[in-house]
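Here is the naming used below: chain letters follow the sequence lines, and residue numbers restart at 1 for every chain. Owing to the predicted nature of the structure, the values given are computational and were not obtained by experimental measurement.
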Amino acid sequence: MVQEVVHPFAKYLRSAMMPHIWCPGCGNGIVLNCFVHALDELQKDLDKLVVVSGIGCIGRTAGYTNADSFHTTHGRAIAFATGVKLANPELEVVVISGDGDLFAIGGNHFIHAARRNIGIKVICANNFNYGMTGGQQGPTTPLEASTTTTPYGNIEHPFNLVHLAAASGATYVARWTTLHVRRLTQSIKRMLQKEGFCFLEVVSPCPEIFGRRNKMRTGLEMMEWFRRASVVENFSDPSKAEISPEKIVVGEFVNTEKISYERLLHEKIAQINEKAMGW
Amino acid sequence: MTGKRTLPTGAHFMSGDIACAEGAIAAGCRFFAGYPITPATEIAEHLSERMPEFGGIYIQMEDEIASIAAVLGASYAGLKAMTATSGPGFSLMQENIGLAVMTETPCVIVDIMRGGPSTGQPTLPGQQDVMQAKWGSHGDYGIIALAPSSVQEMFNLTVEAFNLAETYRVPTLLMGDEIVAHMWEKVVIPPASEIRIVNRKKPHVSPSEYAPFMPEDDLVPPMACFGEGYRFHATGLTHDERGYPRTQNSEVQTRLVRRLCEKINKNADKIINVEEVMLEDADIVVVAYGIVARAALSAVRRAREAGIKAGMLRLITLWPFPEKHVARIAGQAKAIVVPEMNCGQIVREVERAAKETPVSFLSKLGEEPHTPQEILDMVRRCS
């Protein structure tokens, strides 16, 4: 008798949407894997989870997760998620998107959501380029890196995402690579247990599009770079958390408590209504 | 959280922007996200004070793009949601208005039109966004746009805009202008029990059977919201009835886009609202909307006094365009006059519907709307 084998995490995924669109060696599957592990370990109620994404390869994660999910226009995931979280603070709202989506076109929404401390959790897969459109230069492309739009080497200074997030007011800021699967999962768990705006950068391999233009043709070569260069510096100064061929500073940089925007808002509404009743 | 205060039932003296804000509350709107822009800002200001009294949410976002995105999120999270803006902000919102169309998100977008293009005339009226309302976002789609002519209609039509948005799962546009927004007039607000409120239809199947974009006979799919256990996916990509991306499938694209257009077009008779004034025997018909219709009404009355058989067709619904109404009056009239505060937008739709009947266009830009005399002169020339 043939027994149907079901993956223990199948319930977290929309199997009807498989196979996924990601290339061999891509890190997006690892991000999704760590995310569902974190959901499982926390026994999160999938009926109360909303996954929102913008545009790009990692943006498909929303559709692959078996929760309520919404795939927005380019760059607008955080703004959309803000509306969701304010309208129903009971929902766990997670934004999973890429570096180009969140920090180029969506940069303004990111800094303002962090400033307001809206309780949404943002996971950014940073692969240093625009993978889906064929590997153009983006806001995190390292200096001198080769992309399809920087054929002579990139001359724009990249964002340090963890520094930007910390400076904008995020209550939790961490960076890992897709090599650090356990720490990555731990960080996602930690974020999901916090109240305010949380940000996790996942340095992720894009061998097909970014790697092969930069002397790392395979996923394995990119992971080898992560292994060789990563240095864990927990709670170090995020402004000094560099990413270079020689050194990738990873770790948990910020973990503080601050009342969330939605709690302040709903408390304010309650106060106003008490006053209206003459108390 | 339940509201502690009530609607200002009864007669009031208020501005169009305030009437719009009160209309939103009366319609059940409990989420407003916006960004300040003249001449729509007073809607935001009024709602920042009033919304919390009803347990509703007001947030000033970082820009118009964020505002409309947050409105879509709030609508999917189960609240009736609105934003208000003016021309430049309306332009910024266009991409996500397309997302609202594609994901069939009920919401209301108020565009208080000012003179454009670009920053244009922030404190002066215009009707230069009416084609942007229909065609502003990319791709083909159906949309609903209403044009208030008075402060009372800023209230009434805001309520109606929510009802239409919820009925057809479509972003509904309220196309006011600087004058109706800023002028103060008497508004009668009925008791809450007498205000017709429509809520989106909900799924009547189990989550495992639910397909979020499976239409019913009226071409509108029932809508589950986040957190209700249906665990659905929605995307701006071309998608099948389950909401799954099917970007390479021309059959799915055709079926989806045709339905998005047809759910508005096939229900046009139910959606469209016009006002007909002295049309029974009219030789010359003025077709007007918004603030201009008030001068047109005056012109038509004066023409009648002068023995000219004039009448007015006032377009309350701009989109879908009241083509049948225009065609019918064109069949009986000698001439049609279209005064607009632009260089020619709705007049082209009128011409299309009027076929053989000559259409004269009276354009005005800048400071003030048409005077009754200007419209009367044109009516005389056509008679």
Option that, when pairs with chain B are counted at under 4.5 Å, heavy atom only, ranks first among [options]:
options	value
A:V52, A:I55, A:T72, A:L46	A:L46
A:D45, A:V93, A:V50, A:L49	A:V50
A:V51, A:D68, A:I78, A:D47	A:D68

For the residue pair [X] and [Y], is the inter-centroid distance of their aromatic rings smaller than 6.0 Å?
X	Y	answer
A:F70	B:H233	no
A:F199	A:F103	yes
A:W22	A:Y64	yes
A:F197	A:F110	yes

Heavy-atom contact with chain A under 4.5 Å, split by part of [X]:
X	answer
B:A66	both
B:F226	both
B:R242	side chain
B:L72	both
B:S75	neither
B:F232	both
B:I68	neither

Contact winner vs chain A - B:G227, B:A77, B:G243, heavy-atom pairs under 4.5 Å: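 Between B:G227, B:A77, B:G243, the count favours B:G227.
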May I ask you to check if B:K202 and B:Y230 form a cation-pi contact, with NZ or CZ under 6.0 angstrom from the six-membered ring centre and within 45° of the axis?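 No, a cation-pi geometry is absent between B:K202 and B:Y230.
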Atom group of [X] that falls short of 4.5 Å from chain B, counting heavy atoms:
X	value
A:A113	neither
A:R60	side chain
A:L265	side chain

What pair of heavy atoms forms the shortest contact from B:S91 to B:Q132, and how long is it?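 Scanning both residues, the minimum pair turns out to be OG-OE1, 2.9 Å.
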Is there a donor-acceptor contact under 3.5 Å linking the side chains of A:E201 and A:N126?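 Checked: A:E201/A:N126 side chains pair up, N/O donor to acceptor below 3.5 Å.
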4.5 Å side-chain heavy-atom contact, A:N28 and A:S204: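 In short, these two side chains touch, coming nearer than 4.5 Å.
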From the options A:T82, A:D101, A:L102, select the one residue that forms a side chain to side chain contact (heavy atoms under 4.5 Å, CB included) with A:V95.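 Exactly one pass, corresponding to A:L102.
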